[in-house]
Amino acid sequence: TGLRLDVPLPADLAVSFEFFPPKTEKMEQTLWQAVHKLAPLRPEFVSVTYGAGGTTRERTHATVCRLQKETGIPAAAHLTCVGATREEIDAIARTYWDSGIRHIVALRGDPPTGVGTAYEPHPGGYAYAADLVEGLKRVADFEISVAAYPESHPQAASAAHDLDNLKRKIDAGATRAITQFFFDVGAYMGFVERAAAAGITVPIVPGILPITNFTRAIEFAGSCGAAIPPWMADLFSGLDDDPDTRQLVAATVAVEQCRLLHAEGIGNFHFYTLNRAELTVGICHMLGVRPKREAAEALPAAAS
Ligand code: FAD
């Protein structure tokens, strides 16, 4: 038919889902409802973010452990260098290991004063993500994922410096990079090529952000260095008061993005779920990632 949707996708696409630790009881319910819908898709792993400045230390811990226990899916804890000494970070990592968590997403983190402000390493802390990876590997043999930036980290001295930094994180023991969200597939593919030329052989998993709130996405993209292409602004224009239509547009954009990536040979996708299931479930469904019945039956009932 000439439609890209007519091109079959292989059954072995691997997905992973990122959540954030809920703050209130209401948010907690939303999260577990989402988990209940997403877990039967049997992601390769799920992960839980660590609040800016380490503010969610306990909540991240509780959420990661509960996710792994209740779904049986390997759960990864995000951990940052911000606001803690090396000893404190090592102690947090040891607690994870003792609780059965084997995968850490190791990050530098942003200053508690905001993404745009200057970063100052904590005196006595790990300065950068590469140092944290090294430290974590000393604590235990964690599986470690790190962040990568197809359009460069906004504070990087240059794109080449940023790639060297990614290489250092891999050389320190990380076995997967997960990217900041992006919409320019060409920019991502160029980055993957440059990384391969620099000797980076680990998977560089694209981070997929299904956009529902375009205005907020523009603000967020501005602070983390992701470009919003003009065609996206056009797709969302006039929909500020129409969340239902925005949802359909968001799903279409993300499916198109994943299909383009897949046509380039990419078979792993990491979804920023924002603790909502519907978009990610819809996108996965269109990509051929469907619930596995045994997994759904094994799950306890959703929190109500
Ligand atoms: P790094 O890899 O340390 O790099 C940060 C910057 O410093 C880069 O510009 C790099 O080029 C530069 N740099 C590195 N080493 C040196 C050096 N020795 N000297 C000078 N410059 C150097 N934030 C949270 O707070 N919590 C989370 O849970 C979280 N999860 C994330 C998950 C993903 C997949 C991604 C992509 C980001 C996440 N972030 C999270 C955001 C992240 O903390 C910020 O983007 C942060 O600004 C950079 O973190 P990093 O690990 O990439 O830092």
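Just follow the structure's listing: the first ligand is 1, and inside any ligand the first atom is 1.
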N or O contact, T179 vs ligand 1, cut-off under 3.5 Å:
no

side-chain contact (heavy atoms from CB on, under 4.5 Å) assessment of F236 paired with N213:
CA-CA 9 Å; F236 284 95; N213 186 329; over 6 Å; no

Within the 4.0 Å heavy-atom shell around Q155, which atoms of ligand 1 are there?
9 (O)

Walk me through it: do I204 and Y188 pass the test side-chain contact (heavy atoms from CB on, under 4.5 Å)?
CA-CA 10 Å; I204 300 179; Y188 167 84; 4.2 Å; yes

Check this for me - ligand 1, Q180, N or O atoms closer than 3.5 angstrom, yes or no?
no

Nearest heavy-atom pair of A174 and V202: which atoms, and what distance?
O-CG1, 4.0 Å

Heavy-atom nearest neighbour in the protein, as seen from atom 7 (O) of ligand 1, with distance rounded to 0.1 Å:
Y128 CE2, 3.5 Å

I want to know if ligand 1 touches A156 in the polar sense, i.e. an N/O pair below 3.5 angstrom.
yes

side-chain contact (heavy atoms from CB on, under 4.5 Å), paired with I104, selected from W97, F142, Y50
F142

Does CE belonging to M189 count more than 12 external heavy atoms closer than 6.0 Å?
yes

Donor on one side chain, acceptor on other, Q155 and R108, under 3.5 Å:
yes

Evaluate H122 against V82 for side-chain contact (heavy atoms from CB on, under 4.5 Å), listing each step before the verdict.
CA-CA 7 Å; H122 184 281; V82 174; over 6 Å; no

Under 3.5 Å: N/O of Y272 near N/O of ligand 1:
no

Salt bridge check, D90 against R86: does any charged N sit closer than 4.0 Å to a carboxylate O?
no

Please list, in number order, the atoms of ligand 1 under 4.0 Å from a heavy atom of A129.
1 (P), 2 (O), 3 (O), 51 (O)

Give the minimum heavy-atom separation between F181 and A221, together with the two atoms involved.
CZ-CA, 3.9 Å

Check: D162 N/O within less than 3.5 Å of ligand 1 N/O:
yes

For the residue pair A254 and I283, what are the closest heavy atoms and their distance?
CB-CD1, 3.5 Å

Which protein non-hydrogen atom lies closest to atom 51 (O) of ligand 1, naming both residue and atom, and how far is it?
R108 N, 2.8 Å

Hey, which atoms in ligand 1 end up nearer than 4.0 Å to a heavy atom of T49?
28 (O)

When you compare ligand 1 with D110, is there at least one nitrogen or oxygen pair between them that comes in under 3.5 angstrom?
yes

Does any N or O atom in T80 lie less than 3.5 angstrom from one in ligand 1, N or O only?
no

Checking side-chain contact (heavy atoms from CB on, under 4.5 Å) for the pair D131/C81: CA distance, chi angles, key distance, verdict?
CA-CA 9 Å; D131 309 311; C81 306; over 6 Å; no

Show which atoms of ligand 1 fall inside a sub-4.0 Å distance from at least one heavy-atom site of G109.
43 (O), 46 (C), 47 (O), 49 (O)

So which atom in V205 and which in H270 form the shortest heavy-atom distance, rounded to 0.1 Å?
CG1-N, 3.7 Å

Just to confirm my output: which protein heavy-atom neighbour is closest to atom 8 (C) of ligand 1, and how far is it?
H153 ND1, 3.4 Å

Pull out every atom of ligand 1 sitting under 4.0 Å from any heavy atom of R168, numbered as shown with elements.
15 (N), 16 (C)

Quick note on ligand 1: atoms under 4.0 Å from a heavy atom of Y50 include exactly 24 (C), 25 (O), 26 (N), 27 (C), 28 (O)

Numbered atoms and elements of ligand 1 in range of H78, under 4.0 angstrom, heavy atoms
27 (C), 28 (O), 29 (C), 30 (N), 31 (C), 32 (C)

Note the single closest protein heavy atom to atom 4 (O) of ligand 1, along with its residue, its atom name and the distance in Å.
N165 ND2, 3.3 Å

If you measure from each non-hydrogen atom of Y149 to ligand 1, which part falls under 4.0 Å: side chain, backbone, both or neither?
side chain

In terms of residue, atom name and distance, what is the protein heavy atom nearest to atom 29 (C) of ligand 1?
L107 CD1, 3.3 Å

Using a 4.0 Å heavy-atom cut-off, say whether H270 meets ligand 1 through its side chain, its backbone, both or neither.
neither

V105 N/O to ligand 1 N/O under 3.5 Å
no

Mind jotting down which residue pairs meet the salt bridge (charged side-chain N to carboxylate O under 4.0 Å, His left out) criterion with at least one end in residues 50-61? Sequence neighbours excluded, please.
none

Of all heavy-atom pairs linking R290 and L41, the shortest is C-CD2, 3.5 Å

Should you measure from each heavy atom of A147, which atoms of ligand 1 turn up under 4.0 Å away?
35 (C), 36 (C), 52 (O)

